[in-house]
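Scroll down for the structure; my scribbles are underneath it.
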Amino acid sequence: MASNLNLKLKIWRQPSTNAKGTFQDVEATDIPETASFLEMLDIVNQRIIDSGGDPVAFDHDCREGICGTCSMVINGIPHGPRRGTTACQLHMRLFKNGDTIWIEPFRAKAFPVIKDLAVDRSAFDRIMVAGGFISVRTGSAQDANSLPISKEDADSAMDAAECIGCGACVATCKNASAMLFVSAKAGQLNSLPQGQPEKHRRVLGMVKAMDESGFGNCTNQYECEAACPKGISVRWIAKLNRDYALATVHESLLAPANGKGGGAA
Amino acid sequence: MPLEAHIPSGPLSQKWSKHKQDSKLINPANKRKYTVIVVGSGLAGSSAAATLSELGYNVKCFCFQDSPRRAHSIAAQGGINAAKNYQHDGDSTYRLFYDTIKGGDFRAREANVYRLAEVSANIIDQCVAQGVPLAREYGGLLANRSFGGAQVSRTFYARGQTGQQLLLGAYSALNKEIARGGVKMFPRTEMLDLVLVDGQAKGIIVRDLVTGKISSHAGDTVLLCTGGYGNVFYLSTNAKGCNTTAIWRAHRKGALFANPCYTQIHPTCIPVSGDYQSKLTLMSESLRNDGRVWVPKKKEDCGKPPAQIPEDARDYYLERKYPSYGNLAPRDISSRSAKEACDEGRGVGPGGLGVYLDFADAILRYGHDQAADKNLSEAELRKLGKAVVAEKYGNLFDMYECITGENGYEQPMRIYPAVHYTMGGLWVDYNLMSNVPGLHVLGEANFSDHGANRLGASALMQGLADGYFVIPTTIANYLATQKPGSIKADHPAFKQAEAEVNARTKRFIDIKGKRTVDSYHRELGLLMWNECGMARSRDGLQKAIDRLPALREDFWNNVRVPGSGADFNQELEKAGRVADFLEFGELMCRDALQREESCGGHFRVEHQYTKEDEAAKRGQAGEALRDDTNFSYVAAWEFTGDVSNPKLHKEPLAYEEVHLAVRSYV
Ligand SMILES: Cc1cc2nc3c(=O)[nH]c(=O)nc-3n(C[C@H](O)[C@H](O)[C@H](O)COP(=O)(O)OP(=O)(O)OC[C@H]3O[C@@H](n4cnc5c(N)ncnc54)[C@H](O)[C@@H]3O)c2cc1C
Ligand code: SF4
Ligand code: FES
């Protein structure tokens, strides 16, 4: 039968972006092991409010591992110890009575803390605005089956498309690189025939936006794949590197005709 | 107040074409002078914002999540319907239309539903062109699966995450327009009020959820694409942030709220495990394609491990009661059957609130298919079959295991119905405009297409139909009557609305009471689930109606909202949403009380077929008994200034094409 746990939490508290943060000790007693990790935090927060305190801020929404909103580092690992799951899918039965649990925000220069465990990941949106799309106007599409796409290619694009944009790859990387995310996003579209016309533009635009957002360089540490709740493979990074090299060559060949004022940007 | 739906004249199949011809146009140079405010970035909001920007309008889009990509549409699993007839199994626009009207228990508008079926095929074309990786067959063509309430295979899907993939497609279209400068996006920004100028919707008041700053945005029209209100029940399959605030605030400003009592309970969710439960997790009903639903025939067997209950002691109740649809009976019917079995004491798992969803047969069947005629042991067949099941539903099995700690391949899953979708919403006409001129409502937030029950895989279809294909045409019918940019955010109406929003925020903070916001939300949710959930009775509804004013009063005197209004304050966000749910809940109960019939998701225990009806072949005992003579109307409620005294308006539903029939799935 399910039992209850008594835990010691060390939770990062930081009132605002520029304020100094510290770990706060919180006793989490009598936590049902069938509860989810976020439900454990709910219980803790209700008790904090009842005793006149300020509850722990943390981002979450779907609580089923798909929206990518929840974002916390649990015992040093983004999304916690269970591989292939988000923090919201973690269940307390994974912990033992008496455990100490460290809970921190995702840390990266490009993800400033908003409050406590909530961080600002708008840099990901900026990267997507810089090229993460296929320019097709509504209403201009041809019949969906007029362009057969092999199941292998479609499945491969789908593998990349599973990325939920959570940022755990960045949080786990010692360089705070966003390469896994960017490579999955560019890779999905670049693997499909529909994505070919804008392939070079896409890659150059997204990589530039990534660099400008303060993410670090990828030095092939590959911790990202292990932290990714959707199991996005680092082979997408290899593909992005190839696509980037090609795009650069392509750009350099086009460059003369494409100088300032050419309007082709 | 006359409710004019503005349905075009002419034959059903010609109405939309005719309407497109008759709709006004705005010349390209003028379009950019119009500002369109889009609240919401789910399928409806993103697709509308992107398409309107493509057309040249100046768009501002708002969402409360940190990124438009995280709108609740992201969570949809199963699929999206479209009348493509790629399977050559007899599908057509008419058939999708008819299934949807029938699925909605003949309580939806014919013309809207036909249009939905008509544009469904374009949606798939659009999404594929955007790079949405829908599932494919080896030949390279798109794959389909079947879904509840249909006998053709017309559902397109992307593994178990169709919603995420479609939303990422719409979000990419949005990004393309943000990059071009046509859309300005405001994430982490919550709309707290609608602003009317001379009775027309001209803007919104928002709160920046990071800084707490309240500000005004003026536009020429406002589109609410803010999703459903299922979280009035506290526990639902919706994301935690889903709320009714935007449409409820608009309702308080004059927009009629239609059919609030029509809510959908989804049959295949993971049962509740304790009182700390914060949400319920749905497992796509596509599981019912292969899973068989059963409970023990005898109460005494309920405590036994399922493997020890022999075949002849099991009641596969859906197959028994609805032989031609079997486990694919529509959602309302499947949910109610599960409740009945549990009410009879035949439920399984903790608290007896669960039924089995069993894949053992499917695993064997697929094993045989794979093995062709090779002579394999049962264990080998199981292994082969398990791989097929894993390919189709692997992520759902993983999710189930992650939450319950149980392996669905080895033992049947336990499921129970949970609140999932809300068919009701703001009343809109054929142009998707509410009775408040300039206020348009799209997606789950409106009431328009699903009647009293929504068929699976049709909400994604509706959100994208509204945003990509309907509003881009119909919006001009309103805008062409307006001088662009005539109202600015310095208009006194905005100042006044801002002051009201600020005062409300201050009031929340100043109460400094004893109970948390969540504790009120849970209490409200339980009351709604018990009295206005799967089965509703006159007495129960009256009880809830009597209780709600007192609960509201207690909330406004005793809630505790820590912190201040001037920073990131999640308790304050929740307080505003729960305050609105506490008012809205009463309207829901009043609507359920006035509807003295059962239809779709609205089941009144007083109105069901009896054993005598069954004997006389009028309908199956225990099934919903509709009253077409007296209730074939849309109930559209007006806010009168007093939450407990709303005024009912009726839009009669006229059926030109379909013949109202008892909804039978036998
Ligand atoms: C678990 C689950 C699975 C589902 N599976 C399927 C399926 O397989 N097939 C299917 O057809 N349907 C499915 N549905 C239903 C479907 O997903 C939804 O009905 C649909 O996605 C709603 O889309 P929407 O654009 O109307 O709203 P949403 O996607 O809910 O978007 C609402 C938007 O409004 C914003 N918003 C809300 N209030 C405010 C405010 N006050 N201020 C600012 N912004 C606000 C939010 O930020 C968000 O951007 C499922 C639903 C659930 C819960
Ligand atoms: S690649 Fe993985 S870890 Fe990185 S954002 Fe996507 S889902 Fe999250
Ligand atoms: S809350 Fe949506 S992924 Fe965790």
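The sequence lines fix the lettering, A, B, ..., with proteins before strands; numbering per chain opens at 1.
Between A:R63 and B:S278, the shortest heavy-atom distance links the atoms NH1-OG, 2.8 Å. Here the closest non-hydrogen pair linking A:F124 and B:Y171 is O-OH, 4.5 Å. The minimum heavy-atom distance linking A:A57 with B:F568 is given by the pair CB-CE2, 3.8 Å. Closest approach of B:Y276 to A:A35, counting heavy atoms only: CE1-CA, 3.4 Å. B:L168 approaches A:A161 most closely through the heavy-atom pair CD1-O, 4.0 Å.
For the pair A:K151 and B:Y138, the cation sits on the ring face: its NZ or CZ lies under 6.0 Å from the ring centre, inside 45° of the axis.
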Point to revise | Stepwise salt bridge (Lys or Arg N to Asp or Glu O under 4.0 Å) check, B:K240 with A:D42 | key: CA-CA 12 Å; B:K240 291 294 287 176; A:D42 291 342; 5.4 Å; no
Practice item. Let me see the working for A:I66 and B:Q161 under side-chain contact (heavy atoms from CB on, under 4.5 Å), right down to the final yes or no. Key: CA-CA 8 Å; A:I66 193 71; B:Q161 37 174 272; 4.1 Å; yes
Exercise for review: Test salt bridge (Lys or Arg N to Asp or Glu O under 4.0 Å) on A:R121 and B:D66 and set out the steps.
Suggested key: CA-CA 8 Å; A:R121 285 168 290 183; B:D66 69 334; 3.3 Å; yes
Exercise for review: Start with the C-alpha distance between A:D61 and B:K279, add both sets of side-chain angles, then the distance that settles side-chain contact (heavy atoms from CB on, under 4.5 Å), and finish with yes or no.
Suggested key: CA-CA 10 Å; A:D61 201 18; B:K279 76 155 283 179; over 6 Å; no
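Taking CD1 from A:I49 and OG1 from B:T516, the interatomic distance works out to 6.0 Å, rounded to the nearest 0.5 Å. Here CZ of A:R137 is found 10.0 Å from CD of B:Q126. Values are rounded to the nearest 0.5 Å. Distance check: B:D275 CG to A:E39 CD gives 10.0 Å after rounding to the nearest 0.5 Å. In this structure, A:M158 CE and B:L134 CG are separated by 9.0 Å, a value rounded to the nearest 0.5 Å. For the atom pair B:N175 CG and A:I127 CD1, the distance stands at 11.5 Å (nearest 0.5 Å). Taken from CD1 in B:I123 to OG1 in A:T138, the straight-line distance is 11.0 Å, to the nearest 0.5 Å.
Ranked by heavy-atom pairs shorter than 4.5 Å toward chain B, the options A:I134, A:N145, A:L147, A:L192 are led by A:N145. Chain B forms more heavy-atom pairs under 4.5 Å with one residue of A:R126, A:H91, A:Q194, A:Q188 than with any other, namely A:H91. Ranked by heavy-atom pairs under 4.5 Å with chain A, the list B:Q65, B:R180, B:R188 is led by B:R188. Per-residue heavy-atom pair counts under 4.5 Å with chain A were compared for B:C402, B:S273, B:P562, B:A71, and the maximum is reached by B:C402. Heavy-atom pairs under 4.5 Å with chain B were tallied for A:K115, A:M128, A:R82, A:Q89; the largest tally goes to A:M128. Chain B forms more heavy-atom pairs under 4.5 Å with one residue of A:G53, A:A141, A:S150 than with any other, namely A:A141. Note on B:R69, B:K512, B:K84, B:E137: by heavy-atom pairs under 4.5 Å with chain A, the leading option is B:R69. With chain B as the partner, the residue from A:G195, A:S16, A:P32 showing the most heavy-atom pairs under 4.5 Å is A:P32. For the set B:D518, B:L141, B:V128, the entry with the most heavy-atom pairs within less than 4.5 Å of chain A is B:L141. By number of non-hydrogen pairs under 4.5 angstrom with chain A, the leading residue of B:Q277, B:R515, B:K514 is B:Q277. When the candidates B:G405, B:P187, B:G274 are compared by the number of heavy-atom contacts under 4.5 Å with chain A, B:G405 comes out ahead. Among A:S135, A:P15, A:A157, A:P193, the residue making the largest number of heavy-atom pairs under 4.5 Å with chain B is A:S135.
Contact annotation for A:S71: neither backbone nor side-chain heavy atoms come within less than 4.5 Å of a heavy atom of chain B. Looking at A:N45, neither its backbone nor its side chain comes within 4.5 Å of chain B, counting heavy atoms on both sides. Residue B:F156 does not touch chain A at all, counting heavy-atom pairs closer than 4.5 Å. For B:S73, no part lies under 4.5 angstrom from a heavy atom of chain A. Heavy atoms of B:T404 lying under 4.5 Å from chain A belong exclusively to its backbone. With a 4.5 Å cut-off on non-hydrogen atoms, A:Q46 touches chain B through its backbone and its side chain both. For chain B, the nearby parts of A:T69 are the backbone and the side chain; heavy atoms of each come within less than 4.5 Å. With a 4.5 Å cut-off on non-hydrogen atoms, A:C163 touches chain B through its backbone but not through its side chain. Neither the backbone nor the side chain of B:L52 comes within less than 4.5 Å of any heavy atom of chain A. Both the backbone and the side chain of A:D159 come within contact range of chain B, with heavy atoms under 4.5 Å apart. Proximity to chain B (any heavy atom under 4.5 Å) is shown, for A:A130, by neither the backbone nor the side chain. Of the two parts of A:D153, neither the backbone nor the side chain holds a non-hydrogen atom closer than 4.5 Å to a non-hydrogen atom of chain B. Both the backbone and the side chain of A:D155 come within contact range of chain B, each with at least one heavy atom under 4.5 Å from a heavy atom of that chain. With a threshold of 4.5 angstrom between heavy atoms, A:S140 approaches chain B through N, CA, C or O but not through any side-chain atom.
The backbone N or O of A:G165 sits less than 3.5 Å from a side-chain atom of B:R70, completing a donor-acceptor pair. For the pair A:D125 (side chain) and B:S67 (backbone), a donor-acceptor distance under 3.5 Å is absent. The backbone N or O of A:P148 lies less than 3.5 Å from no partner atom in the side chain of B:R136, so there is not a single donor-acceptor pair.
Under the 4.5 Å side-chain criterion, counting only non-hydrogen atoms from C-beta, A:I164 is in contact with B:Q164.
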